[in-house]
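Before any comments, here is the structure.
Side chains are part of it too, since the values below use all heavy atoms of this structure and drop only hydrogens, waters and symmetry mates. Naming: A, B, ... by sequence-line order, numbering from 1 per chain.
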Amino acid sequence: MGATATGKTELAVEIAKRFPVEIISVDSALIYRGMNIGTAKPGTDILALAPHHLIDIIDPAEHYSAWNFVEDSNRLIEEITSRGKIPLLVGGSMMYYHALENGLNKLPVADARLRASLSRQAGEIGWPAMHEKLTAIDPLSASRIKPGDSQRIQRALEVFEASGQPLSSLQQLKSTASKHLALKIILHAKDRAALHARIEQRFLAMIEQGFIDEVSSLKLRSDLNLSLPSMRCVGYRQVWQFLEGNLSRDEMIYKAIVATRQLAKRQMTWLRRQPQDFAFDCLAYRNDAIFESINKAFSDR
RNA sequence: GGAGGGGUUCCCGAGUGGCCAAAGGGGGCAGACUGUAAAUCUGCUGGCUCAGCCUUCGGUGGUUCGAAUCCACCCCCCUCCA
């Protein structure tokens, strides 16, 4: 686990050279086919080094979810284990890890039509008013969700309309957490300024590598638009706006870098809640130290 | 050389005598996070021995009980005329 640009892929490669692993990507952006440069997707040469899963599994027009991830990764973990290999989960989508580890309640699936109608209503009366509606049907959820949090208000209302039950009561049911033991290796960015520099450098390199062309060809497709989760990924969204003429090139670059920094910050917030026994500074760790930790953890167990 | 506009807290940008440590936005920092999560949202953001005090609105001086706001001079930037 690690924030964006902390070098997870590089470390995963080193681990894959030393241990009999298969990699499961824990990344809500690497799932999309055709989104390579902007997601910093490992190249085919690197992917060939070890079996890997959950990369390039859906089209950018399609939707994926934390629930899908939990199902997919649980299945893969079983399969890989039965092959006598070790599943190595690598990625920065912290909510996916969280969902896998702690489980999710059985809730109604996302419903595009319901969401569209809720968005339409919100457009007329505003999200704070939608929040009041939520207070009427599910006061507990409403008290947890802020009046400006459009996405969660929408989800809570969607769950109620789809199931006839308030989200909060469905969430009280016992959820199924993963029973697998995991050794969590965390890459920390102790030097924030250095991480920021790395993020900037990496984005500029993406531009060099043809990121704009990548987005440009996605934009040519009539079935993709800015409201899709895929096109809301960091970088893609800003380049898309640049191609629309809503941002200058410099603004686009600046905003994309800022968005990446902010993403990293949110990832670090999740990471701080994790046990820190196997945390390493992403700029100053030794592979030996990590291998040692892994060996020790396995022999202990 | 002449005419005009402007220099505000990290950045942009309001503010034209007290209610101003100074609107708003950006950035930054911290946090939340149950089927969109690279998403969505919340809080804080000059300093301190913190119900008060100190430093800040280009610089220096002045007017005033009181100035980011008025006056004088100086420095710098932009536009136009020469």
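Between A:Arg144 and B:U34 there is no side-chain N or O to OP1 or OP2 distance below 4.0 Å. OP1 or OP2 of B:U36 has not a single side-chain nitrogen or oxygen of A:Arg152 nearer than 4.0 Å. Side-chain nitrogen and oxygen atoms of A:Arg266 include none within less than 4.0 Å of the OP1 or OP2 phosphate oxygen of B:A37. For the pair A:Gln262 and B:G27, the criterion of a side-chain N or O lying under 4.0 Å from OP1 or OP2 is met. The phosphate of B:U40 has OP1 or OP2 within less than 4.0 Å of a side-chain N or O from A:Arg237.
Pair assignment for B:G52 gives B:C48, based on Watson-Crick or G-U wobble hydrogen-bonding distances that are each under 3.5 Å. Across all strands shown, B:G17 has no partner, as no Watson-Crick or G-U wobble contact with both distances under 3.5 Å is found. Look at B:U40: its Watson-Crick or wobble partner, with both distances under 3.5 angstrom, is B:A32. In this structure, B:G61 forms a base pair with B:C71, meeting either the Watson-Crick or the G-U wobble geometry with both donor-acceptor distances under 3.5 Å. If you check B:C80 for Watson-Crick or wobble pairing at under 3.5 angstrom, you find it paired to B:G2. Partner assigned to B:G24 is B:C12, using Watson-Crick or G-U wobble distances below 3.5 angstrom.
Whole-Å rounding puts the A:Glu158 CD to B:A39 P distance at 19 Å. Whole-Å rounding puts the A:Asn105 CG to B:U34 P distance at 10 Å. In this entry the distance linking CG of A:Leu167 with P of B:G35 reads 7 Å, nearest Å. Remark: P of B:G35 and CG of A:Leu157 are 13 Å apart, rounded to the nearest angstrom. Distance A:Ile153 CD1 to B:U34 P: 13 Å, rounded to the nearest Å. Rounded to a whole Å, the CG atom of A:Asp111 is 13 Å from the C1' atom of B:U36. Atom C1' of nucleotide B:U34 and atom CG of A:Asn68 are separated by 14 Å, given to the nearest angstrom. Atom-to-atom, CG of A:Leu228 to P of B:A37 comes out at 12 Å; the value is rounded to the nearest Å.
Nucleotides B:G58 and B:C76 are separated by 8 Å at their C1' atoms, to the nearest Å. Here the separation of B:G26 from B:U45, taken at their P atoms, is 16 Å to the nearest Å. Separating the P atom of B:U16 from that of B:C71 is a span of 14 Å, rounded to the nearest Å. Spacing between B:U69 and B:A14 at atom C1', rounded to whole Å, works out to 13 Å. Comparing B:U9 with B:G4, their P atoms are spaced 27 Å from each other, to the whole Å. Annotation: B:A37 and B:C41 have their P atoms spaced 15 Å apart (nearest Å). B:G47 and B:A30 have their P atoms separated by 16 Å, given to the nearest Å. Annotation: B:A67 and B:U60 have their C1' atoms spaced 15 Å apart (nearest Å).
For the residue pair A:Thr81/A:Lys85, the side-chain donor-acceptor check at 3.5 Å is not satisfied. Looking at A:Lys255 and A:Gln241, their side chains never bring a donor and an acceptor atom within 3.5 Å of each other. Under 3.5 Å, the side chains of A:His53 and A:Glu22 contain a donor-acceptor pair of N or O atoms. Counted by atom type alone, A:Gln274 and A:Lys184 present one or more donor-acceptor pairs between their side chains at under 3.5 Å. With 3.5 Å as the limit, one finds no donor-acceptor pair spanning the side chains of A:Thr4 and A:Arg261. For A:Ser248 and A:Asp250, the side-chain atoms include no donor-acceptor pair closer than 3.5 Å.
Distance from the side chain of A:Arg272 is smallest for B:A30 among the nucleotides B:A30, B:U34, B:C33. Side-chain atoms of A:Thr269 lie closest to B:A32 of the nucleotides B:A32, B:U36, B:G35. Distance from the side chain of A:Ala110 is smallest for B:U36 among the nucleotides B:C33, B:U36, B:U42. With B:U36, B:A30, B:U40 as the candidates, the nucleotide lying closest to the side chain of A:Lys265 is B:A30. For A:Arg155, counting side-chain heavy atoms from C-beta on, the closest listed nucleotide (B:A32, B:C29, B:G35) is B:G35. Between B:G35, B:C41, B:G28, one nucleotide has an atom nearer to the side chain of A:Val258 than all others, and that is B:G28.
At a threshold of 4.0 angstrom between heavy atoms, the contacts of A:Gly92 are confined to the sugar-phosphate backbone, with no base atom among them. Nucleic acid contact for A:Tyr96: sugar-phosphate only, since backbone atoms but no base atoms lie under 4.0 Å from a heavy atom of the residue. Nucleic acid contact for A:Tyr254: sugar-phosphate only, since backbone atoms but no base atoms lie under 4.0 Å from a heavy atom of the residue. Looking at heavy-atom distances under 4.0 Å, A:Ala99 makes no contact with the nucleic acid at all. A:Phe69 comes within 4.0 angstrom of no nucleic acid atom, judged by non-hydrogen atoms across all strands. Note on A:Arg261: only backbone sugar-phosphate atoms sit closer than 4.0 angstrom, heavy atoms only; bases stay farther off. A:Val109 comes within 4.0 angstrom of a nucleotide base, judged by non-hydrogen atoms across all strands. Across all strands, A:Ser150 comes closer than 4.0 Å only to sugar-phosphate atoms, never to a base (heavy-atom distances). If you check every strand for non-hydrogen atoms under 4.0 Å, A:Thr39 touches a base.
Residues of residues 187-198 of chain A that place a heavy atom closer than 4.0 Å to RNA chain B, in numerical order, are A:Arg192, A:His196.
The residue among A:Lys106 and A:Ser93 whose nearest nucleotide of RNA chain B lies closer to the 5′ end is A:Lys106.
With respect to A:Arg83 and A:Glu79, a salt bridge is recorded, a charged nitrogen being found less than 4.0 Å from a carboxylate O.
Among residue pairs with one or both ends in residues 248-281 of chain A, those qualifying as ring-ring contact (aromatic ring centres under 6.0 Å, His included) are A:His98-A:Trp270; sequence neighbours excluded.
Here A:Glu71 pairs with A:Trp67 under the side chain to side chain contact (heavy atoms under 4.5 Å, CB included) rule; sequence neighbours left out.
At distances below 3.5 Å, at least one donor-acceptor pair connects side-chain atoms of A:Glu158 with backbone N or O atoms of A:Asp111.
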Stepwise side-chain hydrogen bond (donor to acceptor under 3.5 Å, both in side chains) test for A:Ser216 and A:Asp213 | CA-CA 5 Å; A:Ser216 191; A:Asp213 289 338; 5.4 Å; no
